[in-house]
Amino acid sequence: MLQELKKSHKKDFTQYILLDNKGNIIDSDGVFYSQIINKNISSLHPFFESFSYSLSIPKKELIFSCIHLNTDKGNIISDILIKTLDDDNALIIIQDLSTHYKNYQLTAQKRNESVINSQILELKNKYLKEKEEFKNNFIANFSHDIREPLSGISTFVEILNKTNLNAEQKGYVNLIYASSNHLKHMIEDILDIAKKEVGKLNLVEESFNLKVFIESLVLSHQVKAKQKSLDFELELDSKTPEFILGDPYRLKQILDNLLDNALKFTHKGEIKLHVSLNQIRANKASIHFKVSDTGIGIEEENFEKIFDSFTQLHQEHHIQGNGLGLAIAKSLIELQEGTISVTSIKDKGTTFSTNLSFKVDNSNPQKVETNSTIEIKGKKEKYHILLVEHSEITQLAVLKILAAKRKFYLDIVSDPEDVIPILENQNVDVILMDINLPKLSGDELAKQIRQLSDKTLKKTPIIALTGKVFPEDLKRYKKAKINEVVSKPFDEASLLNAINKHLK
Amino acid sequence: MSLSKKIVLLGHFGVGKSSLIRRFVEDTFTDNYKVTIGVHILKKEVEVTDKTIVNLIIWDLEGNDDIANTRPSYMLGTNGIIYVYDLTRPTTYQDLKKDLDFIKTNYANIPIKVVGNKKDLVTNVFLKENEDAFQPYTDFFTSAKKNTKVDKMFSTLAKDLIL
Ligand SMILES: Nc1nc2c(ncn2[C@@H]2O[C@H](COP(=O)(O)OP(=O)(O)O)[C@@H](O)[C@H]2O)c(=O)[nH]1
Ligand SMILES: [Mg+2]
């Protein structure tokens, strides 16, 4: 009974083949390959072609595992044993292990796919990172180069505005002024983003009056709101400390960007800026800033996206801008270890909130003078200024600013090699020096001056006029004993203030 | 004159060994990856000179991260070796020199061709920039997908086998 059952349920998994030492098949059962007697083994499958030589080595046993064969009964994955016998004959045993190997194949497939995918992903990320880095460096350098000519435009528009112009001309001048200011801000935005990405964005710490700061900051936004017939409300909690230590320029940038964004996307209703104190701990005040509007709102799935550089969700609204404002606000907030969050309801409005920490300044500081009609302080009737600069635009700009004060003689040279001879022959009070000079860089020239033997000459104050004001540049200037750095583009006030500091 | 020669393809998994063979033997290609386990054996005749035809018996081995783990039985009686790496995956060529040294020690005097595959996915600039990693060892930059240098690579090896 059992024998019968066995016979009817038995499935053959093994074929035996007997052959001579030339590979001719003597005998076999026909489990996978049938009617093969008298044929040569190599005709069954290329596998058998590869080792006919070994058939002549007596008493040898070879085992091959996981060999794919296509047989008369279909494809199988098998283990194959080849054994040479005493009598010059050889035995081949083909064992079908397809089920076993197919399981293994499934696991291998999954494992390999996931390994390959993760390697490819890693590579893609690396590539993207390199691209991003390149882009940021490119933007940083490029924005930098744009500053120089832009500086020329702003300065001369300012000067032009002070000449005798009729009303029409004045109007045009104001338009140029506004456009170049807009351009300047855009470039500064881009530069900030790029600097943040390459880790070159720095914060300053100075004391300022928060209340005065906020009130003057909202002025321009109030005007813009009025132009769009929007209400503007400022809520300033009286408990916020008066003087705090922090970076007022960056704080202004953050709030300007949030307010500009609110103004941009609100067409009726109101904009509100709310400033309050969360708490003071260990002399650090956590201050809450909230900008809310009744504008077009943002869909929740876009809450993250709006902080990406160059993302503009509202293409269809034809709203101008470079889409960098929120990205800058966010990166500046993160730079100060703060966070920003957004809540919004479509067509109802949006609220941005951020908490920032500042040290409280208890030393009762003085208000810094920022008067535009700057007085020249020194006691001398006239001061001798030497300008080392090859750009004619900057030469003219400096000339105009200094001439208006009637307190200066100005000498201009464009070749750095002329500087030391002039110093030795004339009494120069202050040197204004471009850094990017032909032949010899400004900081190298400064070093040479500092090494002069004459004790007075070598101490002549040097003010650098330059567009290169990355931290590592500033370090270099300091090392060259440059007293002061005025960054291009500069205005009348920053140039005169810098000079003032060094007049005796 | 017709000769049978066994060659094996070695290299990490996914570098395109099976694809190179499929391109060479069947002139087809697919982007879908199907893992090779164990070994597939295919053959193709190559006319190396007017009179000589080499019957290449091509062993397509399961990919292996570590060449030392290759089953020795698969290597038995090998006449030629093709070592393939993937130009887009550094892990497949970072140990190139070590692997080739291993082959030279264990399978001395067997002709070998070293192949950087998937050339269609990289630029010439990339090849130039990574010259130091590739150039000293590589015989061919191939693409199974675009059929670049595939026949050339196999037939060059076939010629070496009958010398
Ligand atoms: N683009 C491109 N893909 C290839 C090339 N060769 C192979 N592939 C792909 O790479 C993967 C692995 O190929 P396969 O031949 O299975 O690699 P093996 O594990 O070395 O046998 C598959 O998805 C193929 O489609 C090539 O030359 N170019
Ligand atoms: Mg394969």
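The sequence lines fix the lettering, A, B, ..., with proteins before strands; numbering per chain opens at 1. Only this structure's heavy atoms are used, side chains among them; waters, hydrogens and symmetry mates stay out.
- Here the options are A/Ile80, A/Leu44, A/Asp27, the test is side-chain contact (heavy atoms from CB on, under 4.5 Å), and the partner is A/Ile17; only A/Leu44 passes.
- When heavy atoms are compared at a cutoff of 4.5 Å, A/Gln105 approaches chain B by way of both its backbone and its side chain.
- In terms of non-hydrogen atom pairs under 4.5 Å with chain B, the most contact-rich of A/Ile120, A/Ile116, A/Ile67 is A/Ile116.
- In this structure, A/Asp20 contributes its side chain and A/Gly23 its backbone to a donor-acceptor pair below 3.5 Å.
- Proximity to chain A is limited to the side chain of B/Asn55, based on heavy atoms less than 4.5 angstrom apart.
- Heavy atoms closer than 4.5 Å to chain A are found nowhere in B/Lys5, neither backbone nor side chain.
- Between chain A and the residues B/Thr78, B/Ile41, B/Ile37, B/Asn79, the largest count of heavy-atom pairs under 4.5 Å involves B/Ile37.
- Residue A/Glu122 qualifies as open at atom CD: its count of foreign heavy atoms under 6.0 Å is 12 or below.
- The pair B/Lys17-B/Asp60 fails the salt-bridge criterion, with no side-chain N (NZ, NE, NH1 or NH2) lying under 4.0 Å from an Asp/Glu carboxylate O.
- At a 4.5 Å heavy-atom cutoff, the contact between A/Leu123 and chain B is made by side-chain atoms alone.
- Within the 4.5 Å cutoff, the side chain of A/Phe64 has heavy atoms near those of the A/Phe47 side chain.
- Looking only at distances, a side-chain donor or acceptor of A/Ser28 sits under 3.5 Å from a matching main-chain atom of A/Tyr16.
- Interface summary for chain A: among B/Arg89, B/Lys6, B/Arg71, B/Glu62, the most heavy-atom pairs under 4.5 angstrom belong to B/Arg89.
- Interface residue A/Ile63: only backbone heavy atoms are found under 4.5 Å from chain B.
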